[in-house]
Amino acid sequence: MGKYIIAGNWKMNKLPSETYDFVKEVAEATKGAECEVVCCTPYVCLAPAVEAAKGTHVKIGAENLHFEDSGAFTGEVSADMLADLGVDYVIIGHSERRAYNNETDETVNKKIVKALSKGLIPIVCVGESLEEREAGITMDLISIQIKKAFAGVPAEDAVKVVVAYEPIWAIGTGRTATDDQAEEVCCGIRHMLSDLYDEAAAKAVTIQYGGSMNAKNCAGLLAKENIDGGLIGGASLKAPDFATIVAAAK
Ligand code: PGA
């Protein structure tokens, strides 16, 4: 299965002035990690984060990007700008951006294509709301999100994409999906990728679970066959908790 990746999603937390020391702390706490360790930070924290990560195993990611190369897009940040800074990863289509910033399956797709063309690794978020889960349409919805996300992405690029399954009802709520609920959907995503590409490509893709993953519940989730890592919000803001999750990913 895909290589293990534990990525922190700081969201709108931490100051630029705190970033350098915190990334150093994460690097120290996760020394000897057997998985890829990523800190995704707000745009203004990226420069000190990249600086602190230099010479360590920690990789840095952004939380969004714009799908155009450049131009009159006030307030936006391009893939070239991120790559120029030394950023390796970028979260795309987080449910908070879908909810508050008009992110759609179409913009998610454009952003994935752009990120890949600039050598950035997209961490693409998919997931259902509680209403959708209760209506029994989780798999249908995720199948649409996956198909649209990967539209026009050739197999050689698709294997670089990280998919994060994040049930919206589990994000920041303390209500984690059970190990089996998370595995069921991650396994489903692997089948969808197998249908879109082939089994080898589907196996190569890293599929993360995200949504209230923490130091206590990570081991069970990460032990599941189709869960190759985690996208961690709240628990990524404390280096020891984050390090416990990293240690469970092998
Ligand atoms: P959480 O956030 O771990 O705080 O639930 C995860 C995410 O939204 O990526």
Side-chain angles (χ1 to χ4, degrees), residues 2 4-14 22 26 29-30 35-43 45-46 49 58-65 87-101 103 108 111-112 115 121-130 132-133 138 141-142 145-146 149 161-179 181-183 185-186 189 206-222 224 227-249:
Y4 273 82
I5 301 175
I6 300 293
N9 173 14
W10 293 7
K11 310 193 179 188
M12 198 169 74
N13 295 295
K14 298 213 181 279
F22 185 74
V26 167
T30 61
C35 64
E36 179 101 316
V37 180
V38 185
C39 291
C40 296
T41 85
Y43 286 141
C45 297
L46 288 171
V58 175
K59 299 283 196 301
I60 302 302
E63 299 174 11
N64 180 40
L65 83 171
V87 167
D88 289 307
Y89 286 81
V90 58
I91 298 173
I92 295 175
H94 191 280
S95 61
E96 286 150 18
R97 294 205 60 84
R98 292 180 192 254
Y100 310 135
N101 299 86
E103 195 80 83
V108 165
K111 290 178 180 192
I112 293 169
I121 301 171
I123 300 176
V124 181
C125 303
V126 298
E128 81 288 2
S129 67
L130 189 57
E132 288 158 344
R133 173 159 283 265
T138 297
L141 179 99
I142 288 177
Q145 289 177 334
I146 291 285
V161 176
V162 177
V163 176
Y165 166 54
E166 297 209 309
I168 297 168
W169 47 272
I171 295 177
T173 57
R175 190 180 158 185
T176 325
T178 64
D179 301 347
Q181 279 174 329
E183 167 65 12
V185 179
C186 290
I189 291 171
T206 294
I207 302 177
Q208 299 175 320
Y209 168 79
S212 298
M213 194 192 277
N214 58 39
K216 289 207 175 80
N217 62 26
C218 61
L221 289 159
L222 292 168
K224 288 292 178 184
I227 302 180
D228 312 318
L231 185 57
I232 320 296
S236 74
L237 300 173
K238 290 191 188 127
D241 287 0
F242 190 57
T244 300
I245 301 171
V246 167

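Every number for a ligand or one of its atoms is a count from 1 in the order of the listing. Residue numbers start at 1 and run along the sequence shown.
With a 4.0 Å heavy-atom cut-off, ligand 1 is reached by no atom of Ala235. Counting heavy atoms under 4.0 Å from ligand 1, residue Asn9 touches it through the side chain alone.
Of all atoms in ligand 1, listed by their number and element, those nearer than 4.0 Å to a heavy atom of Ser212 are 1 (P), 3 (O), 5 (O). Close contacts between ligand 1 and Gly211 involve ligand atoms 5 (O) [criterion: under 4.0 Å to a heavy atom]. Here is the list of ligand 1 atoms found below 4.0 Å of a heavy atom in Leu231: 6 (C), 9 (O). Heavy-atom proximity to Gly172, at under 4.0 Å, picks out these atoms of ligand 1: 1 (P), 4 (O), 5 (O).
Protein heavy atom in closest approach to atom 2 (O) of ligand 1: Lys11 NZ, 3.3 Å. Looking only at heavy atoms of the protein, atom 9 (O) of ligand 1 is closest to Glu166 OE2, 2.7 Å.
Shortest non-hydrogen contact noted between Gly61 and Leu46 is O-CD2, 3.3 Å. The nearest pair of heavy atoms linking Cys39 to Val26 is SG-CG1, 4.0 Å. Contact detail for Thr41 and Ala49: the closest heavy-atom pair is CG2-CB, 4.1 Å. Looking at every heavy atom in both residues, Ile123 comes nearest to Ala164 through CG2-CB, 4.1 Å.
Geometrically, Lys14 engages Phe22 in a cation-pi contact, judged by NZ or CZ lying under 6.0 Å from the ring centre and within 45° of the ring axis.
The shortest separation from a heavy atom of Ala170 to ligand 1 is under 4.0 Å, placing the residue in contact.
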Pairs of donor and acceptor atoms involving the side chains of residues 232-244, under 3.5 Å and at least two apart or interchain, shall be tabulated with distances.
{"from": "Ser236", "atom 1": "OG", "to": "Ile232", "atom 2": "O", "distance (Å)": "3.1"}
{"from": "Ser236", "atom 1": "OG", "to": "Gly233", "atom 2": "O", "distance (Å)": "2.8"}
{"from": "Thr244", "atom 1": "OG1", "to": "Pro240", "atom 2": "O", "distance (Å)": "3.0"}

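Within the 3.5 Å criterion, the main-chain N or O of Ile207 finds a donor-acceptor partner in the side chain of Asp228.
Using modelled atom types and a 3.5 Å distance limit, the side chains of Tyr89 and Glu63 yield no donor-acceptor pair.
The closest non-hydrogen atom to atom 6 (C) of ligand 1, taken over Gly210, Gly233, Gly230, comes from Gly233. Of the candidates Glu63, Arg175, His94, the one placing a heavy atom closest to atom 8 (O) of ligand 1 is His94.
Below 3.5 Å of separation, one finds an N or O of Gly234 facing an N or O of ligand 1.
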